Amino acid sequence: MEKSYPFDKIEPKWQEYWSKKKLFKADIKDFEKKFYCLVMFPYPSAALHVGHGRNYIIGDVVARYKKMRGFNVLTPMGWDAFGLPAENAAIKNKTHPKKYTLANIKRMKEQLKSWGVCYDWSCEVASCLADYYKWTQWIFLKLLEKGLAYRKKAFVNWCSSCNTVLANEQVIEGKCERCETAVSQKDLEQWFFRITDYAERLLGDLKSLENWPERVKIMQANWIGRSEGVRIYFPVVGSEETLACFTTRVDTIFGATYMVIAPEHPHLEELLDGVKEKSKIMVAVEKMRTESKIMRVQADAEKVGIFTGRYAINPVTKRKIPLWVANYVLMEYGTGAVMAVPAHDQRDYEFAAKYKLPIETVIQKSEVRGQRSEEPGKAYEDDGIMVNSAQFDGLENREAIGKITDWMEEKKIGKKATEYKLRDWLISRQRYWGAPIPVVYCEKCGIVAVPEKDLPVILPEDVKFGAPALGRSALGGKGESPLKTSKKFVDTKCPKCKAEARREIDTMDTFVDSSWYFLRYISAKLENKPFEKEDVDRWLPVDQYIGGVEHAILHLLYSRFIVKVLNEMGLIGFDEPFKNLFTQGMIIKNGAKMSKSKGNTVSPDELIKKFGADTIRLYTLFIGPPEKDAEWSDRGVEGAYRFLGRVWRMAKQTTDDRRQTTDEERGTVNDEKLKRKTHQTIKKVTDDIEKGFHFNTSISAIMELVNEVYLAEDKKSSSRETIEQAVKTVIVLLSPLVPHICEELWEKLGGKESILKKEWPSYDAKLVLAENITLPVQINGKLRSKMEIPRGLVAEELKEKILADEKIKSHLAGRDIKKWIVVPDKLVNIVLS
RNA sequence: GCGCGGGUGGCGGAAUUGGUAUACGCGCAUGCUUGAGGAGCAUGUUCCGAGAGGAUUGCGAGUUCGAGUCUCGCCCCGCGCACCA
C-alpha cells in the first residue's frame with residue numbers, strides 16, 4: 001500500500017524528541033497542580049499484543065491531555081516482575097527467571113516506545129530487583145510487628161500442578177486461576193495477612209470512592225460479603241460441648257430439625273468420643289476432607305452426609321435434633337456448623353429429603369393462611385407469617401427476626417453477630433521466583449523476624465527449581481519451596497541468640513509486591529526508606545488509575561488493605577490509594593480474549609510498520625466505548641489510517657495555500673458555520689474526555705469537523721483564516737490521541753515547540769449554539785414538516801410562521817387546534833381535537 | 001440461584017432532562033481518476049415501496065401530545081459471585 005503520509009519518518013523523530021527533551025519528567029517537589037496518572041504495571045511476559053496496548057494508550061492520552069491542561073503530570077511505569085509464568089518459562093527454556101524477565105522488560109520497553117507511549121522512566125521499578133523487594137520484605141515486617149502477619153496451620157488450597165498453595169482469591173470455581181487444575185485441600189503451616197480485621201473498613205470506605213466503576217465496588221462488596229445474623233449455641237447431648245452456629249434467619253429457628261457440621265470442624269473428633277461407630281465415621285469424614293474443592297464447592301454437587309450418633313438440643317424448642325457431618329458445610333465461613341431448617345432452606349431441604357430427616361414448616365405465605373406454602377420438592381425461602389413458633393406465631397417473619405434475636409440474647413442462648421465471606425490473605429508460596437519471606441526459625445527463639453538492617457533477604461541464585469506441571473519436579477511435588485535446595489540460603493544464624501537457625505523458604509505471593517508499587521514510584525531511587533512520607537502524602541491518592549477489570553478484586557482490594565495498614569501505622573497520611581479508577585474492556589479477536597495460547601493475538605510491531613503507531617492508537621481508541629470489550633478488526637485499522645491521511649492532506653492544503661482571503665471572496669463566505677462547528681467540536685471533545693474517556697465519540701466529532709473543513713475548502717464557503725483555525729483545532733484536539741502526526745503538522749503550521757506545551761483550547765459558549773435550527777413540526781405527534789427558523793423565536797412569532805407553512809396548512813385543513821406544545825428550540829407539536 | 005451490564009442497520013457503534021432514531025466509522029453500490037491494481041475523490045446506503053407513503057430500537061402491554069430513553073410482564077446474550085447457612 002502506498003503511504004498516504006510519511007509516518008515511518010515522523011514517528012521515530014518525535015519519539016526521540018520527547019525523550020531527549022524529557023517532556024514527561026515530573027518534578028516530585030512541585031505538587032501544586034499535580035496529577036498522578038497511573039496504569040497498572042504489566043507482568044513482563046513474552047511480547048505485548050494490541051490488546052495490552054489499550055491500557056497504555058488510554059493512560060498516555062490522559063497524561064498528554066492533563067499536561068495540556070497545565071498539570072504537572074506524573075506518569076511512571078514499572079514491572080510486576082515476580083511470578084510463576086517467568087519461573088515456568090525459564091524452566092522450559094533452560095534459563096534463569098531473572099534473565100528471562102529482564103530480557104522481556106527490555107523488549108516491552110521498546111514496544112511501548114514504538115507506540116508513542118511516554119513515561120517518566122526515572123522512577124521505573126521492577127519488583128524482582130533487590131532494591132524493590134527489600135521494601136516488600138520491610139512491609140511484611142511491619143505487618144508482623146503489628147500482629148497482622150501470622151502463621152497458622154490450616155486447610156489450604158493446593159494446586160498440584162503449580163506445586164504451591166493459592167489464596168482464596170486465586171481459586172476460581174474450585175480450579176487454579178492459572179492452570180485450571182482442580183484445587184485440593186492440604187493441611188499446611190502458612191503465612192497469612194489479617195485482612196479480615198479490615199473487612200469493615202474495606203467495605204465501608206467503598207462509599208467514599210465516588211469515581212470508581214459501580215460494578216467494581218459491587219464486586220468488592222460481594223467479596224467481603226458482610227451479613228448480619230445471630231450466633232446460636234446448641235448444647236450437645238451427652239457431651240460438654242456446645243456447638244455454635246451462625247444464621248441470618250433466626251426467624252426459622254423453631255424449624256431447625258437437625259444440625260450439620262463441616263468435616264473439618266476442630267471439635268468433631270472429641271464429639272465422636274464414646275460413639276460406637278467412631279472409626280467408621282472418621283473414614284467417611286476423611287474422604288470428605290480430601291475431596292477436591294471442585295467437587296464440594298458447586299451448588300449442584302451431590303450432598304453427602306453421615307450421622308454422628310450424637311444429638312444437639314434446639315435451644316428454643318428443647319427438642320433433640322440429630323447431628324450430622326456433611327460436605328455442604330464450609331469450615332471457612334461462620335462457625336463451620338449450621339442449624340438446618342429444611343422447610344425454609346433449599347440445601348437443607350435436599351439433604352433432609354435424601355436422609356429422611358424431619359421437615360417442619362414455621363413460615364407460611366401470608367395470603368394463604370393454613371395452607372402448605374411450599375411447592376413440592378422445594379423449600380419455602382420467601383417471607384411470610386410465623387407458625388409453630390410459640391409466642392412468635394402470627395408475626396411477619398421480618399419483624400420476628402428482631403424480636404427473636406432480642407429474646408435469645410436475653411435468655412443467653414444466642415448473640416447478634418456479623419460474618420464476612422472475606423478470609424485472611426494467604427501469602428506463602430512454595431515457589432522460587434518471589435520475594436523471600438524475611439523470617440528465621442530458631443530452635444530456641446522460635447519465629448524470629450529478620451532485623452530491618454539485614455534486609456534485603458536476597459533471593460539465592462544457586463537453586464534447583466522445577467515445576468511438576470512440566471513433569472520435572474525437583475521435589476516430587478511435596479509442597480516445599482525450591483529455596484530449600486540452597487544450603488547457603490537456608491542455613492543461617494538466629495538474629496536474636498546467634499545459634500544455628502534456618503530461614504523461611506517460602507516466598508511471598510506476587511500480589512504483595514503489587515500492593516504498594518504506586519508508593520515506590522514517588523521515591524523510586526531512595527535507599528534508606530521505602531518512600532518519602534512527605535512526598536507520597538502530597539502525590540497520593542492516585543488521581544487516575546487505569547487498568548483491566550480482571551483486577552477488580554485481588555489487586556485493588558490488597559492495595560487498599562496495605563494502604564490502610566500503613567496509614568494506621570502513621571507511615572502515610574491517606575487511607576485509600578486510588579481516588580479515580582477506570583477499568584478498560586478487553587480486546588477480543590474471533591470471539592475470544594487475545595492470548596498467545598489461543599493463537600489469536602495481533603502483533604503491534606507489524607501493524608506499526610505498515611500503518612504507523614498513530615493509526616493503531618487511533619483505531620484502539622475509536623473501536624468502541626473504552627470500558628467495554630471490543631472486537632479487533634483489521635478493516636477498522638485501515639479506516640483509521642485513511643482518516644489520518646485525510647488529516648495530513650487537509651493540513652498540507654492549508655500550509656500550501658497561505659494567501660489572505662480577498663475582500664471580494666469575503667463577501668461570499670459564511671464563516672459562522674465553520675466557526676460554530678469548530679467550537680462545538682472543542683466542547684464535545686473536552687466534555688467526552690472529562691466525563692468518562694469517551695474517546696470514540698470524541699474522534700467521531702473530530703471526523704465531522706474534518707469533513708466540514710473539506711466541504712468549506714471545496715465550496716469556498718469559508719475564509720482562509722477560519723479554515724486555518726479549524727485545521728489547527730483539529731490538530732490540537734487530536735494531539736493526545738495521535739501525537740506524532742500532530743507534532744509534525746503543528747511544526748509545519750509554525751508551532752515553535754512541542755504541541756504538548758500548547759494550552760488545551762477553550763470554546764466560546766455562544767458559538768456552540770447554532771443560529772438557525774431545523775424545527776420539526778408535528779401534528780398529533782406525527783412529523784408533518786421541518787422548518788428552518790432562527791433560534792429563540794418567541795412563541796407568537798413562531799406560531800404565526802408555522803401556520804403560514806404550506807405543508808402544515810394542508811394538514812390542518814381548517815380543523816380546530818386544541819393545544820400547542822412548544823419545546824423551545826427543539827420542536828413544536830400541534831394537538832388537534 | 002443471586003447481583004451487575006446489555007439487546008438499535010450487513011458490521012463496530014451514536015443519541016443531555018422523554019423531543020428529527022440510525023451521528024461517526026467499516027462494508028457495499030455507482031461514478032470520476034488511473035495502462036491495470038491499489039490509493040484518492042464524489043454520490044448513495046435502516047427496511048418495504050417505482051413513487052407518494054408506510055414500518056422500525058429483543059417481544060408484549062402501559063403512561064404521555066410525543067418513548068431507544070419511564071413503568072409492568074416476558075425472552076435472549078455477556079460478566080461477576082455462587083452449597084456463605
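For clarity, every value in this text was computed on a predicted model and none was experimentally measured. The sequence lines fix the lettering, A, B, ..., with proteins before strands; numbering per chain opens at 1.
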Short side-chain to backbone donor-acceptor contact, [X] and [Y], under 3.5 Å:
{"X": "Asp424(A)", "Y": "Ile195(A)", "result": "yes"}
{"X": "Gln584(A)", "Y": "Glu627(A)", "result": "no"}
{"X": "Asn222(A)", "Y": "Gly225(A)", "result": "no"}

Sticking with atom [atom1], work out how far [N] lies from [M], rounded to a whole angstrom.
{"N": "rC65(B)", "M": "rC81(B)", "atom1": "C1'", "value": "46 Å"}
{"N": "rU20(B)", "M": "rG27(B)", "atom1": "P", "value": "30 Å"}
{"N": "rC70(B)", "M": "rG19(B)", "atom1": "P", "value": "11 Å"}
{"N": "rC48(B)", "M": "rG80(B)", "atom1": "C1'", "value": "43 Å"}
{"N": "rG66(B)", "M": "rC76(B)", "atom1": "P", "value": "32 Å"}
{"N": "rC77(B)", "M": "rC72(B)", "atom1": "P", "value": "23 Å"}
{"N": "rG58(B)", "M": "rG6(B)", "atom1": "C1'", "value": "11 Å"}
{"N": "rA52(B)", "M": "rG5(B)", "atom1": "C1'", "value": "44 Å"}

Geometric class of the His265(A)/His267(A) ring pair [parallel <30°, tilted 30-60°, perpendicular >60°]: perpendicular

Sequence-aligned protein contact record of nucleotides 19-32 of chain B, with B where the base is within under 4.0 Å of a protein heavy atom and S where only the sugar-phosphate is: BB--BBSSS-----

Partner lookup for [N], please. Criteria are Watson-Crick or G-U wobble with both distances under 3.5 angstrom; report none if nothing qualifies.
{"N": "rG80(B)", "value": "rC2(B)"}
{"N": "rA52(B)", "value": "none"}
{"N": "rA67(B)", "value": "none"}
{"N": "rC26(B)", "value": "rG10(B)"}
{"N": "rG40(B)", "value": "rC32(B)"}

Residue of the set Lys677(A), Gln680(A), Lys684(A) for which side chain to side chain donor-acceptor pair (under 3.5 Å) holds with Glu704(A): Lys677(A)

Without decimals, in angstroms, what is the distance between [X] [atom1] and [N] [atom2]?
{"X": "Lys610(A)", "N": "rA39(B)", "atom1": "NZ", "atom2": "C1'", "value": "13 Å"}
{"X": "Gln653(A)", "N": "rC41(B)", "atom1": "CD", "atom2": "C1'", "value": "12 Å"}
{"X": "Ile224(A)", "N": "rC81(B)", "atom1": "CD1", "atom2": "P", "value": "14 Å"}
{"X": "Glu550(A)", "N": "rG80(B)", "atom1": "CD", "atom2": "P", "value": "10 Å"}
{"X": "Ile623(A)", "N": "rC11(B)", "atom1": "CD1", "atom2": "C1'", "value": "12 Å"}
{"X": "His694(A)", "N": "rU16(B)", "atom1": "NE2", "atom2": "P", "value": "11 Å"}
{"X": "Ile261(A)", "N": "rA85(B)", "atom1": "CD1", "atom2": "P", "value": "19 Å"}
{"X": "Tyr258(A)", "N": "rA85(B)", "atom1": "OH", "atom2": "C1'", "value": "11 Å"}

Presence of Arg231(A) side-chain N/O under 4.0 Å of rA85(B) phosphate oxygens OP1/OP2: no

Presence of Tyr333(A) side-chain N/O under 4.0 Å of rA85(B) phosphate oxygens OP1/OP2: yes

Any donor-acceptor N or O pair under 3.5 Å, side chains Asp348(A), Tyr328(A): yes

Pair Tyr333(A), Ser227(A): side-chain N/O donor-acceptor within cut-off below 3.5 Å: yes

Residue whose nearest RNA chain B nucleotide is more 5′ - Asn222(A) or Asp629(A): Asn222(A)

Comparing Glu214(A) and Gly225(A) on RNA chain B - which has the more 5′ nearest nucleotide: Glu214(A)

Arg646(A) charged N/C atom sitting above Tyr710(A) aromatic ring, 6.0 Å / 45°: yes

Assigned glycosidic conformation for rG5(B) [threshold 90° from 0]: anti

Side chain to side chain donor-acceptor pair (under 3.5 Å) between Asn314(A) and Tyr258(A), intermediate numbers included: CA-CA 8 Å; Asn314(A) 180 328; Tyr258(A) 67 99; over 6 Å; no

